[in-house]
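When reading the values below, keep in mind they use all heavy atoms of this one structure, side chains included, and skip hydrogens, waters and symmetry mates. Below, chains carry the letters A, B, ... as their sequence lines are ordered, and counting in each starts from 1.
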Amino acid sequence: MPLRTAYRLCPHAVFLPVDFEAYATASRLFKSVLLSITPIMEDVGIDEVFLDISALADTNEIIVDRIKDAIKEITGLTCSIGIAPNKLLAKIGSDMQKPEGLTILNENDIESRLWPLPIRKLYGIGPKTESHLKNMDIETIGQLAALPEEILFDHFGKSYGHYLYEASRGIDDSPLITYWEPKSFSREVTFQEDIKNWQVIAKTLAELVKEVSTDMKHHGYKARTITVKIRFHDFKTFTRATTITNYADSEEEIRKAAFAGLKRIDLNKRVRLIGVRSSNLQK
DNA sequence: TCTGGGGTCCTAGGACCC
DNA sequence: TCTGGGGTCCTAGGACCC
């Protein structure tokens with residue numbers, strides 16, 4: 001059974017806009033170091049990865065020390081690590097001993113260590129699903145695992161229901177994704193204060209379009225669908241998508257589509273956020 | 001978490017085609 | 001009183017992740 005690890009950078013996985021660039025730089029640095037430990041790495045964000053260490057000859061202890069030392073040396077930060085037969089359990093394990101821990105989970109631990117946990121600890125369960133499950137008197141992962149799959153289908157649909165059924169049993173066959181094609185490029189901003197002025201909204205959208213276009217060209221993609229997003233002061237959020245005939249990456253074409261979408265939103269309230277996304281991509 | 005920004009995936013419904 | 005069925009594309013919104 002292959003072993004995988006997830007690690008998380010500590011001390012706090014909070015988003016700090018001020019430190020963001022430094023954090024991102026450190027992130028790139030230690031990921032390159034981790035790649036020298038094993039090339040089978042899935043990048044899950046700025047401070048988290050999965051590594052497949054099943055082919056390595058060294059013991060878990062030696063590998064873990066190498067990872068911790070490398071991260072400490074490069075970033076000065078600690079990390080927590082989970083080792084398990086799949087990504088789901090490795091991820092949950094990495095959260096179990098937070099500051100600087102190592103948690104090893106395997107199939108035999110599911111009943112004793114996974115099932116007592118609150119449902120919210122299961123990857124993929126957010127606030128909405130948590131409250132839905134609590135209304136069904138389901139509080140722990142074990143109680144979730146006791147539900148027949150049909151019940152989960154009824155409440156959560158076929159796809160997500162099936163996911164919950166398997167995840168609550170610690171089952172996860174998903175492979176490590178070492179590379180994936182981007183599906184979309186986007187930019188959005190939240191205004192310091194809610195905006196009513198159309199000029200400001202239009203100017204901001206044009207700037208975001210420029211950034212998205214630059215980003216796409218930089219990565220060598222064109223897009224057919226451009227989506228505008230508006231969030232009002234009351235947090236109501238609307239999106240309007242425009243699909244064009246030919247794949248495009250130029251600022252003008254994207255701007256045209258973006259403004260066509262914007263026109264279809266009734267801007268009768270103060271605007272808090274505006275964003276633009278390109279999708280339906282082609283290399 | 002009265003809420004920042006960049007992503008992914010899923011669902012439901014409508015339009016349109018044969 | 002009748003109103004098929006399947007496939008594909010597109011849209012809008014929601015849930016979740018770091």
Side-chain angles (χ1 to χ4, degrees), chain A residues 6-10 12-21 23-24 26-27 31 42-50 79-80 87-88 90-92 94-95 119-133 152-164 167 172 174 177 179-194 204 207-208 211-212 214-216 218-219 221 223-245 247 257-258 260-266 272-281:
Chain A
Y7 82 84
R8 299 196 71 164
L9 267 190
C10 294
H12 317 289
V14 281
F15 182 76
L16 300 171
V18 185
D19 297 359
F20 184 77
E21 282 309 322
Y23 207 62
S27 171
K31 277 172 193 167
E42 177 174 342
D43 192 334
V44 201
I46 196 158
D47 63 354
E48 193 165 329
V49 302
F50 292 106
C79 67
S80 52
K87 292 198 292 181
L88 178 79
K91 164 85 177 145
I92 291 171
S94 75
D95 274 328
I119 41 177
R120 190 58 208 275
K121 291 281 180 187
L122 201 62
Y123 182 87
I125 294 186
K128 298 291 178 181
T129 307
E130 179 187 29
S131 93
H132 189 143
L133 284 168
L152 293 170
F153 287 169
D154 289 346
H155 284 262
F156 301 103
K158 193 105 197 206
S159 167
Y160 189 47
H162 180 67
Y163 170 79
L164 291 175
D172 170 24
S174 66
I177 313 288
Y179 173 78
W180 75 97
E181 295 282 334
K183 302 276 195 300
S184 66
F185 295 90
S186 71
R187 286 288 187 283
E188 62 183 57
V189 279
T190 299
F191 293 113
Q192 297 291 341
E193 50 185 48
D194 302 336
T204 307
E207 284 164 7
L208 296 174
E211 289 180 35
V212 166
T214 304
D215 210 12
M216 286 168 62
H218 183 246
H219 288 92
Y221 284 89
R224 277 190 60 223
T225 303
I226 308 299
T227 306
V228 168
K229 172 175 168 184
I230 291 279
R231 174 171 292 153
F232 292 104
H233 64 94
D234 57 4
F235 229 71
K236 290 251 183 340
T237 305
F238 297 86
T239 61
R240 288 295 177 270
T242 305
T243 297
I244 54 183
T245 326
Y247 288 95
L262 181 65
K263 242 197 262 175
R264 283 150 49 208
I265 302 179
D266 187 9
R272 175 156 308 175
L273 171 151
I274 183 163
V276 63
R277 169 183 308 269
S278 70
S279 58
N280 216 340
L281 302 178

Colleague: Do A:Phe235 and the base of B:dT3 stack face to face, with centres under 5.5 Å apart and an angle between planes under 30°?
Modeller: yes
Colleague: Nearest to the side chain of A:Phe185, which nucleotide is it out of B:dG5, B:dT8, B:dG7?
Modeller: B:dG7
Colleague: Which nucleotide sits closest to the side chain of A:Ser186: C:dC16, B:dG6, B:dC10?
Modeller: B:dG6
Colleague: Taking C-beta and beyond as the side chain, do A:Val44 and A:Glu42 meet within less than 4.5 Å on heavy atoms?
Modeller: yes
Colleague: Apply ring-ring contact (aromatic ring centres under 6.0 Å, His included) to the pair A:Phe238 and A:Phe232, showing each step before the final yes or no.
Modeller: CA-CA 9 Å; A:Phe238 297 86; A:Phe232 292 104; 5.8 Å; yes
Colleague: Verify the distance criterion only: is there a donor paired with an acceptor across the side chains of A:Tyr221 and A:Ser278 at less than 3.5 Å?
Modeller: no
Colleague: Which nucleotide wins on minimum distance to the side chain of A:Ala241, given the candidates C:dC10, C:dC16, C:dA12?
Modeller: C:dA12
Colleague: According to a strict under-4.0 Å criterion, is A:Arg272 in side-chain N/O contact with OP1 or OP2 of B:dG4?
Modeller: no
Colleague: In whole angstrom, what separates A:Lys229's NZ from B:dG4's C1'?
Modeller: 10 Å
Colleague: Quick one: on DNA chain B, does A:Arg120 or A:Leu273 contact a more 5' nucleotide (nearest heavy atom)?
Modeller: A:Arg120
Colleague: Quantified in whole Å, what is the P atom distance between nucleotide B:dC16 and nucleotide C:dC2?
Modeller: 27 Å
Colleague: Can you check whether A:Ser184 has a side-chain N or O nearer than 4.0 Å to OP1 or OP2 of B:dG6?
Modeller: no
Colleague: Just N and O in the side chain of A:Arg224: are any of them under 4.0 Å from OP1 or OP2 of C:dC10?
Modeller: yes
Colleague: Between A:Arg240 and C:dT11, is there a side-chain N or O to OP1/OP2 distance below 4.0 Å?
Modeller: no
Colleague: Closest approach to the side chain of A:Arg277, judged atom by atom: which nucleotide of B:dT8, C:dC10, C:dC17 is it?
Modeller: B:dT8
Colleague: Using a heavy-atom cut-off of under 4.0 Å over every strand shown, decide if A:Thr227 touches base, sugar-phosphate, or nothing.
Modeller: nothing
Colleague: Closer than 4.0 angstrom, basic N to acidic O: yes or no for A:Glu207 and A:Arg187?
Modeller: no
Colleague: Between C1' on B:dC9 and CZ on A:Phe156, what's the gap in Å once rounded to a whole number?
Modeller: 17 Å
Colleague: Can you tell me which nucleotide in C:dC10, C:dC17, B:dT3 comes closest to the side chain of A:Tyr123?
Modeller: C:dC17
Colleague: Distance check needed: B:dC10 C1' versus A:His162 NE2, whole Å only.
Modeller: 15 Å
Colleague: Watson-Crick or G-U wobble partner for B:dG7, using a 3.5 Å limit on both distances?
Modeller: C:dC16
Colleague: Please determine, for the side chain of A:Asp215, which listed nucleotide (B:dG5, C:dC17, B:dG7) has the closest atom?
Modeller: B:dG7
Colleague: Rounding to a whole Å, what distance do you find between A:Leu152:CG and B:dC10:P?
Modeller: 17 Å
Colleague: Taking the side chain of A:Trp180 as heavy atoms from C-beta outward, which of B:dT8, C:dC17, C:dC16 is closest to it?
Modeller: B:dT8
Colleague: Atom NE2 of A:His233 and atom C1' of B:dC2: how far apart are they, to the nearest Å?
Modeller: 14 Å
Colleague: Rounded to the nearest angstrom, tell me the gap between atom CZ in A:Phe238 and atom C1' in C:dG14.
Modeller: 14 Å
Colleague: With heavy-atom distances below 4.5 Å as the criterion, would you say the side chains of A:Thr129 and A:Ile119 are in contact?
Modeller: no
Colleague: For the side chain of A:Arg187, counting heavy atoms from C-beta on, which of B:dG6, C:dT11, C:dC10 is nearest?
Modeller: B:dG6
Colleague: Under 6.0 Å from the ring centre and within 45 degrees of the ring axis: does the NZ or CZ of A:Lys87 meet both conditions for the six-membered ring of A:Phe50?
Modeller: yes
Colleague: Whole-Å distance between B:dG5 C1' and A:Leu208 CG?
Modeller: 11 Å
Colleague: Between A:Thr243 and C:dC9, is there a contact of a side-chain N or O with OP1 or OP2 at under 4.0 Å?
Modeller: no
Colleague: Would A:Arg231 and A:Phe235 count as a cation-pi pair here, with the cationic atom under 6.0 angstrom from the ring centre and within 45° of the axis?
Modeller: yes
Colleague: State which of C:dC18, C:dT11, C:dC16 makes the closest approach to the side chain of A:Lys128.
Modeller: C:dC16
Colleague: Can you tell me if the side-chain N/O atoms of A:Thr190 get under 4.0 Å from OP1 or OP2 in B:dT3?
Modeller: no
Colleague: Could you check whether A:Gly126 gets within reach of a base, just the sugar-phosphate, or nothing at all, counting any heavy atom under 4.0 Å?
Modeller: sugar-phosphate
Colleague: Return the value, rounded to whole Å, for the distance between atom CG of A:Leu281 and atom C1' of B:dG6.
Modeller: 14 Å
